[in-house]
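Worksheet: the structure to be examined is printed underneath.
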Amino acid sequence: MSFTKPNPPGWAMEEEITSAQMNSLQDQLVQAVDGVGGGSYAANLTFTGTTTFSGASTFSNVTATGVNRYKLASRSLPRVFPFTSADLPTTYAASPTWRRQSSQNGNWIQQTLVAERLIADIRVPDGSTITSVVVYYVPPNGHASITTNFSFPTFDFKSVQITDLTGTGQTTHGTATDSAASLGAYEARRSFGLLSLSVPVDNATRLYTVCLLGEQGSNAMTGGAYRGVAVTFTTTAQDDGAA
């Protein structure tokens with residue numbers, strides 16, 4: 001805050017300082033330390049250690065030293081990711097099971113019942129915590145049954161430690177399988193997933209993926225359209241949209 005001078009002309013030699021003037025200085029000094037009323041500083045300021053600002057604050061030409069990132073209050077954020085690739089057969093030809101089609105709004109379409117997986121790469125800010133992973137898709141219509149000779153779509157949420165040269169370094173953080181109470185309920189736009197995760201993100205050493213297997217069995221059908229993956233994570237990073 002800015003001080004109001006209790007005696008604008010200043011004090012003359014041996015002039016009495018009144019209690020009102022001293023009380024004014026005291027009150028303003030305490031408020032200045034607390035930042036009441038805002039204000040600005042002309043000098044360059046250096047903060048060390050943990051500094052907390054509350055209310056509206058404006059800074060210009062800010063330089064941060066060290067390697068720590070700017071942090072905000074912890075908050076939960078959503079991100080959506082497309083499926084980007086599919087398993088290839090041993091012949092290394094195009095996958096017979098999955099095909100991305102522009103006529104289907106870029107969805108991946110299950111073309112056969114061969115057990116090949118669809119893959120989505122997940123990238124959220126380093127140091128954040130992934131709390132949920134949900135797949136969105138549209139099943140085909142016309143199933144004879146979903147109670148016999150039928151397996152619902154399922155996915156694994158995994159990470160792999162790519163800098164580990166002594167082993168696979170693979171971790172499965174959770175597996176989700178869809179379910180439906182009736183055929184009519186199943187043959188509609190759907191989502192299913194892992195809703196109670198707590199997976200810390202380490203982008204320096206790990207890659208995170210969703211590996212999905214479409215419906216299987218003699219009563220399964222082709223034509224399911226898989227839209228993508230929604231991920232929720234908590235973070236304190238300022239650059240919450242970056243990886």
Side-chain angles (χ1 to χ4, degrees), residues 76-124 130-160 170-199 207-234 241 243:
S76 180
L77 298 170
R79 291 289 183 271
V80 292
F81 300 90
F83 288 103
T84 53
S85 59
D87 284 345
L88 292 178
T90 56
T91 57
Y92 297 100
S95 170
T97 301
W98 299 103
R99 181 178 180 184
R100 196 172 191 184
Q101 293 184 320
S102 60
S103 62
Q104 296 289 337
N105 301 315
N107 294 332
W108 286 79
I109 309 302
Q110 184 177 359
Q111 299 184 113
T112 75
L113 300 180
V114 176
E116 294 175 354
R117 290 183 178 265
L118 193 60
I119 301 168
D121 296 312
I122 308 301
R123 294 286 285 176
V124 297
I130 294 174
T131 56
S132 70
V133 177
V134 178
V135 166
Y136 288 80
Y137 75 111
V138 182
N141 278 239
H143 293 84
S145 173
I146 60 170
T147 58
T148 60
N149 300 316
F150 179 84
S151 297
F152 287 95
T154 185
F155 73 82
D156 294 327
F157 175 47
K158 299 181 178 183
S159 68
V160 58
Q170 179 175 288
T171 301
T172 299
H173 300 287
T175 299
T177 302
D178 198 10
S179 62
S182 67
L183 182 59
Y186 178 66
E187 292 183 341
R189 291 179 174 86
R190 300 186 59 77
S191 66
F192 70 103
L194 301 165
L195 304 179
S196 300
L197 294 171
S198 182
V199 180
L207 295 176
Y208 299 82
T209 58
V210 168
C211 301
L212 177 135
L213 183 66
E215 58 182 66
Q216 300 289 303
S218 58
N219 280 326
M221 295 180 64
T222 60
Y226 291 80
R227 294 182 165 186
V229 181
V231 173
T232 303
F233 61 96
T234 58

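When side chains are defined from C-beta on, Tyr137 counts as touching Asp178, because their heavy atoms get closer than 4.5 Å. For the pair Tyr136/Val80, no side-chain contact is recorded, criterion being any heavy-atom separation below 4.5 Å from C-beta on. In this structure, the side chains of Arg100 and Asn107 stay at 4.5 Å or more apart for every pair of heavy atoms. By the 4.5 Å heavy-atom criterion applied to side chains, Phe233 and Thr131 are not counted as neighbours. Residues Phe81 and Asp121 have side chains not in contact (no heavy-atom distance under 4.5 Å, counting atoms from C-beta outward). Using a 4.5 Å cut-off on side-chain heavy atoms (C-beta onward), Val134 and Val229 make no contact. In this structure the side chain of Arg99 never reaches within 4.5 angstrom of the side chain of Gln110, judged on heavy atoms. Side-chain contact between Tyr226 and Val138: absent, with no pair of heavy atoms (C-beta onward) separated by less than 4.5 Å.
Residue Pro140 comes nearest to Thr222 through the heavy atom pair CB-O, 3.3 Å, listed as atom of the first residue, atom of the second, then distance. Minimum heavy-atom separation, Ile109 to Ala225: CD1-CB, 3.6 Å.
Of the possible donor and acceptor atoms, one in the side chain of Thr154 sits under 3.5 Å from a partner among the backbone N and O of Ala176. No donor-acceptor pair under 3.5 Å is formed between the side chain of Glu187 and the backbone N or O of Pro139. Trp98 places a side-chain N or O within 3.5 Å of a backbone atom of Glu116 that can act as its donor or acceptor partner. In terms of modelled atom types and a separation under 3.5 Å, the side chain of Ser145 and the main chain of Thr147 share a donor-acceptor contact. Arg190 places a side-chain N or O within donor-acceptor distance of the main-chain N or O of Ser179, the cut-off being under 3.5 Å.
Listed by chain and residue number, His173 satisfy the ring-ring contact (aromatic ring centres under 6.0 Å, His included) test with Phe157 (two or more places apart in sequence, or in another chain). Remark: Ser151 pairs with no residue by the side-chain hydrogen bond (donor to acceptor under 3.5 Å, both in side chains) rule, at least two apart or across chains.
Few gaps surround CZ on Phe150; more than 12 heavy atoms of other groups in view lie less than 6.0 Å from it.
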**OP:** Start with the C-alpha distance between Thr232 and Ser76, add both sets of side-chain angles, then the distance that settles side chain to side chain donor-acceptor pair (under 3.5 Å), and finish with yes or no.
**Re:** CA-CA 7 Å; Thr232 303; Ser76 180; 5.3 Å; no

Subject >> ring pair (Phe, Tyr, Trp, His ring centres under 6.0 Å) between Phe192 and Phe155, worked out >> reply: CA-CA 9 Å; Phe192 70 103; Phe155 73 82; 5.4 Å; yes

Name each donor-acceptor pair under 3.5 Å that joins a side chain in residues 209-221 to protein atoms two or more places apart or in another chain, with its distance.
residue: Glu215; atom: OE1; partner: His143; partner atom: NE2; Å: 3.3
residue: Glu215; atom: OE1; partner: Tyr186; partner atom: OH; Å: 2.6
residue: Glu215; atom: OE2; partner: His143; partner atom: NE2; Å: 2.6
residue: Glu215; atom: OE2; partner: Met221; partner atom: N; Å: 2.6
residue: Gln216; atom: NE2; partner: Gly214; partner atom: O; Å: 3.3
residue: Asn219; atom: ND2; partner: Thr148; partner atom: O; Å: 2.7

